Amino acid sequence: MTGLLFAFSNFVMKALADLPAEHGMFAMQRINKTILNPLFFILFFGTPLLCAVIALGTFNEIGEPGPTLLCLGAITYLVGPFGITMLFNVPLNNRLANTPSSEAQREWPEYQQKWQRWNHIRSYVGILSIFFLATGLSRLTNC
């Protein structure tokens with residue numbers, strides 16, 4: 001999931017911003033509709049579910065390096081990529097979905113600014129989560 005978010009931060013939104021407002025907005029509306037498919041749902045909801053299992057499974061072992069880092073990574077993911085998505089990016093997407101093309105000049109620049117800000121944050125927090133999870137896992141295997 002973090003890779004997908006990073007791709008949007010790195011080049012997708014930049015490419016859409018280069019288009020005329022109504023075209024960029026329409027393309028993002030289509031992306032937001034098309035991404036809602038079974039594979040995406042498995043990854044989007046499966047990752048936080050796995051993180052919740054990791055957090056609960058390691059919580060009692062906090063203090064040990066591996067479990068502590070795994071728990072921290074899982075919680076970081078739940079708060080960052082998943083939490084930010086649900087609290088900020090999804091509402092922005094829903095608002096954009098209901099925006100007529102006649103409002104593109106007004107709505108699209110504001111949407112891009114807000115959506116990208118939150119996307120950058122959730123991308124960087126997701127990278128931090130991956131670091132914690134990978135480091136925690138490597139500490140477990142070194143024990």
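As the structure is a computational prediction, the values presented were derived from the model and not from experiment. Quick note: numbers below take in every heavy atom, side chains included, and nothing from hydrogens, waters or symmetry partners.
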Grab the two heavy atoms, one from [X] and one from [Y], that are nearest each other, plus how far apart they are.
{"X": "A104", "Y": "P109", "result": "O-CD, 3.6 Å"}
{"X": "M86", "Y": "P91", "result": "O-CD, 3.4 Å"}
{"X": "T47", "Y": "L43", "result": "OG1-O, 2.8 Å"}
{"X": "M13", "Y": "W108", "result": "CE-CH2, 4.2 Å"}
{"X": "S9", "Y": "N119", "result": "OG-ND2, 2.7 Å"}
{"X": "C71", "Y": "A55", "result": "SG-O, 3.8 Å"}

When clusters are formed by joining ILVMFWY residues with side-chain heavy atoms under 4.5 Å apart, either directly or through shared neighbours, do [X] and [Y] land in the same one?
{"X": "I75", "Y": "Y124", "value": "no"}
{"X": "F132", "Y": "L78", "value": "no"}
{"X": "L87", "Y": "V125", "value": "yes"}
{"X": "L19", "Y": "I31", "value": "yes"}
{"X": "I62", "Y": "L72", "value": "no"}

Exercise. Is it true that atom CZ of F6 has more than 12 heavy atoms of other residues, nucleotides or ligands lying nearer than 6.0 Å?
Worked result: no
Exercise. Near F41 CZ, under 6.0 Å, is it more than 12 heavy atoms from other residues, nucleotides or ligands?
Worked result: yes
For the atom pair [atom1] ([X]) and [atom2] ([Y]), what is the distance rounded to the nearest 0.5 Å?
{"X": "T58", "Y": "E64", "atom1": "OG1", "atom2": "CD", "answer": "12.0 Å"}
{"X": "F45", "Y": "L49", "atom1": "CZ", "atom2": "CG", "answer": "11.0 Å"}
{"X": "I42", "Y": "F40", "atom1": "CD1", "atom2": "CZ", "answer": "11.5 Å"}
{"X": "Q112", "Y": "L92", "atom1": "CD", "atom2": "CG", "answer": "12.0 Å"}
{"X": "N89", "Y": "R117", "atom1": "CG", "atom2": "CZ", "answer": "10.5 Å"}
{"X": "S129", "Y": "M1", "atom1": "OG", "atom2": "CE", "answer": "12.5 Å"}

Exercise. Do the ring planes of F82 and F44 sit parallel (below 30°), tilted (30 to 60°) or perpendicular (above 60°)?
Worked result: tilted
Compare all side-chain heavy atoms of [X] with those of [Y] and state whether any distance is below 4.5 angstrom.
{"X": "W118", "Y": "T85", "result": "no"}
{"X": "H120", "Y": "Q116", "result": "yes"}
{"X": "T2", "Y": "Y77", "result": "yes"}

Problem set entry | Carboxylate-amine/guanidinium contact E107 R95, below 4.0 Å | yes
Problem set entry | Qualifying residues under side-chain hydrogen bond (donor to acceptor under 3.5 Å, both in side chains), relative to E110, sequence neighbours excluded | K114
Problem set entry | Y111 vs M28, side-chain contact (heavy atoms from CB on, under 4.5 Å): CA-CA, chis, key distance, verdict | CA-CA 10 Å; Y111 169 88; M28 189 65 176; 3.2 Å; yes
Problem set entry | T68 side-chain N/O to P65 backbone N/O, donor-acceptor pair under 3.5 Å | no
For this session: Go through L69 and L133 one step at a time and tell me if the side-chain contact (heavy atoms from CB on, under 4.5 Å) criterion holds.
Result: CA-CA 6 Å; L69 288 166; L133 289 165; over 6 Å; no
Problem set entry | R122 to W115, cation-pi by 6.0 Å centre distance and 45° axis angle | yes
